[in-house]
Number of protein chains: 2
Amino acid sequence: MAENENVARPDGFSGVVTMNDVAAAAGLSRTTVSKYFNGSATLKPDTREKIERACRALNYVPDLHAVSLVTGRSNLVGVVLPFIAEPFFGKVLQLMEREAAALGLQIVIQASNNDTRREAAALMALRAMKVHGIILTPIESDDNRALLASLQKEMRIVFLDSFMDENCHFVMNDNQQSIGLMVNYLLSRNVRPAYLGTPRIANPSRPERLAGYVAAMKAAGETPEVIPVAVDTPTWQFEAFAYEQLLNWCGQGGLRDSGAGGIMCTTDRMAFGAAKALRKFGRHPGKDMLLAGHDNLDICEYMDPQLTTVHQDIERISHAAMHFIQLDPAELGGRFYQQRFPGRLVIRESA
Amino acid sequence: MAENENVARPDGFSGVVTMNDVAAAAGLSRTTVSKYFNGSATLKPDTREKIERACRALNYVPDLHAVSLVTGRSNLVGVVLPFIAEPFFGKVLQLMEREAAALGLQIVIQASNNDTRREAAALMALRAMKVHGIILTPIESDDNRALLASLQKEMRIVFLDSFMDENCHFVMNDNQQSIGLMVNYLLSRNVRPAYLGTPRIANPSRPERLAGYVAAMKAAGETPEVIPVAVDTPTWQFEAFAYEQLLNWCGQGGLRDSGAGGIMCTTDRMAFGAAKALRKFGRHPGKDMLLAGHDNLDICEYMDPQLTTVHQDIERISHAAMHFIQLDPAELGGRFYQQRFPGRLVIRESA
DNA sequence: CTGAAAGCGCTTACAG
DNA sequence: CTGAAAGCGCTTACAG
């Protein structure tokens, strides 16, 4: 019951105001002050006011750790991404932070950096923090499958832009649809597009998009042509990867031999690298051939030529992820929350 | 002392394993188990092993909220940024997350989104979480100056890529030096560069860089020429902003009247927008005029022409920020931790 | 409408 | 080298 308000702490910072201090200042019990913070409707207006005055005077804020300890749940949401500096994730993070702030939730961010052990460590750390839920874009690997399966039973986990298998919650782009959209658009321009894919490390969208390309081509009666890439190179430097892979291909006469009139890339960043490689070979996307990306990063509009791409509905994807985090598991009734949002064609100059 | 290990919680998830469970399983007291987790050297090897076995068997992780409550400090580091999707911040965040993970610290991220009230709310929320420290890039505004000054007394706060005044801790690029580097390089190529600046909202680096340009020009005996921009437009869409502002200027004959042979932009993103505007006026950066950016974003290499720029030493900036967060305030002896890191010229095609 | 008491899961002197 | 006890700042039945 010591008045520690002005006691210097060992680290030299000033002490902390507790609910007891507020109660004392307001002439009430700690219980009543607690009720104030937990939205009890039964407080007299007079009482409310006393508390508010005391809080202001003492600059009081409840200790979130104490609250979490007793309620067994925190206001934290964990976000685990393979790579934070990825522009697509930056956008998603921004949208999620906005929603989280409105809900009084805080985002704890972790990067797995292509390392399944770091991914596992991040997950365990989030568990120790009793996070409200986890939004995860996993690495494309089976290493943590068992861990995730077991964690799913303890806490809310939703996969973003990816999924583990049919037995998980996920929100993502409808890759089959969005890639099909682009393939058909390119075909409608009388061009048979070759496909340039990301390395395996990317995330589980990779195989889906590749499959989407193959399916759309076949459905149109065309022969798919997948440009060979070093699929096992563990990198998130997609521009550099695409540049090198395409340089190889062009150098080996791929451009000429294939007769493809365009290249469709798994992501915009791949397309940026591809454009650079094509320039080296004297090709001009949008003029003597077509080039398309996927994702619609902001920078697309400032490339020369401006990149034609597919917009991922990140607004809805982010919203759905945050929505899931708030869901009472009981509401789901044992079903999995699984949402796919369609993409939208954005035609610019490159195709 | 109830064995709650397998008790279903109200939300349907399975119960939580506590230190008591571990102690019981290991046949030891809770105190001893606690010592194990707090690195006590006095534990018998045999005892350690019993505890480790029990932890593994029960899949136990200490509750971080309980730890924080009793120690009065959390493993959380707050990062408050004006805008998360900014590529520069994405890089910084990635570097900081990596260091944080190695230190067992978690990053809680907040965006102020150009709103000083949201900035204040973020700061207060972080305070309630007893964060280990705060890394802050503030909005360019005086609104939260008093709040920050008072918060500085309670907790570690370091300004990133910015500062409040001389009485604060900060780590940042040496704007005077880095901008001077570019101005002198452009002058060495016999080009008098005009300057294209960001809107005020950006952050406190803005006025510094502008001043750096003016100073370097004057030092070289040249007349500075600052392209007029709508400085009060509250936007982080720098490409679009630069594009529009430069379009205006060119449309009014600025390019011709000024006789400037090049444009130096406050940031790379400004340069991307400027390049697009120049193209509209038939100019080709790198050929019939020079264009330079600042920051060295990854995408610079994939623009056409590749952007000449100044590299900010974000590795050292991020490292210094995290280093400060771990510092015992006593070590500083009342002095402020203030670090400026020099930039490095990166010459590519545009200048 | 308000308050006394127990307890959340842990750490930290202190005693043995 | 190990443990019993008090306490961190809060919430939640429960009583009045």
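Atoms considered below: every heavy atom in the structure, side chains included; atoms not considered: hydrogens, waters and symmetry mates. Residue numbers start from 1 in every chain, and the chains themselves are labelled A, B, ... in the order their sequence lines are given, proteins ahead of strands.
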Q. Pairing of DNA chain C as dot-bracket, 5' to 3': ( ) intra-strand, [ ] crossing, | other strand, . unpaired, with Watson-Crick or G-U pairs under 3.5 Å?
A. |||.||||||||.|||
Q | Which residues share a ring-ring contact (aromatic ring centres under 6.0 Å, His included) with His65(B), sequence neighbours left out | A |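 Applying ring-ring contact (aromatic ring centres under 6.0 Å, His included) to His65(B) gives His65(A).
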Q: Identify whether the distance between the nearest side-chain nitrogen and carboxylate oxygen of Arg118(B) and Glu97(A) falls below 4.0 Å.
A: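 Yes, charged N to carboxylate O under 4.0 Å.
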Q. Are Arg117(B) and Asp143(B) within salt-bridge range, i.e. N to O under 4.0 Å?
A.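 Salt bridge: no.
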Can you tell me the distance, in whole Å, between the [atom1] atom of [X] and the [atom2] atom of [N]?
X	N	atom1	atom2	answer
Tyr36(B)	dC1(D)	OH	C1'	17 Å
Asp46(A)	dC1(C)	CG	C1'	12 Å
Leu28(A)	dC1(C)	CG	P	14 Å
Ile51(B)	dG3(D)	CD1	C1'	12 Å
Leu69(B)	dC8(C)	CG	C1'	9 Å

**Q.** Trace of the side-chain contact (heavy atoms from CB on, under 4.5 Å) decision for Ile325(B) with Leu103(B)
**A.** CA-CA 11 Å; Ile325(B) 291 301; Leu103(B) 297 166; over 6 Å; no
Q. Does Ser29(B) have a side-chain nitrogen or oxygen under 4.0 Å from the phosphate oxygens OP1 or OP2 of dG3(D)?
A.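 Yes.
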Q: Check step by step if ring pair (Phe, Tyr, Trp, His ring centres under 6.0 Å) holds for Phe170(B) and Phe163(B).
A: CA-CA 6 Å; Phe170(B) 66 73; Phe163(B) 57 88; 5.4 Å; yes
(Q) Protein within reach of the bases, or only the backbone? For nucleotides 10-16 of chain C, mark each nucleotide 5' to 3' as B, S or -, using heavy atoms under 4.0 Å. (A) BBBB---
Q. Just checking, is any N or O donor in the side chain of Thr31(A) or Ser34(A) under 3.5 Å from an acceptor N or O on the other one?
A.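 There is no such pair (donor and acceptor under 3.5 Å, judged by atom type) between the side chains of Thr31(A) and Ser34(A).
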Q) Base, sugar-phosphate, or nothing: which does Ser68(B) touch, judged by heavy atoms less than 4.0 Å apart? A)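 Nothing, no nucleic acid heavy atom in range.
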Q | His169(B): which of Tyr337(B), Phe336(B), Phe159(B) passes ring-ring contact (aromatic ring centres under 6.0 Å, His included) | A |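 Passing option: Phe336(B).
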(Q) Tell me whether the rings of Tyr60(B) and Phe37(B) are parallel (<30°), tilted (30 to 60°) or perpendicular (>60°). (A)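 Geometry flag for Phe37(B) against Tyr60(B): perpendicular rings.
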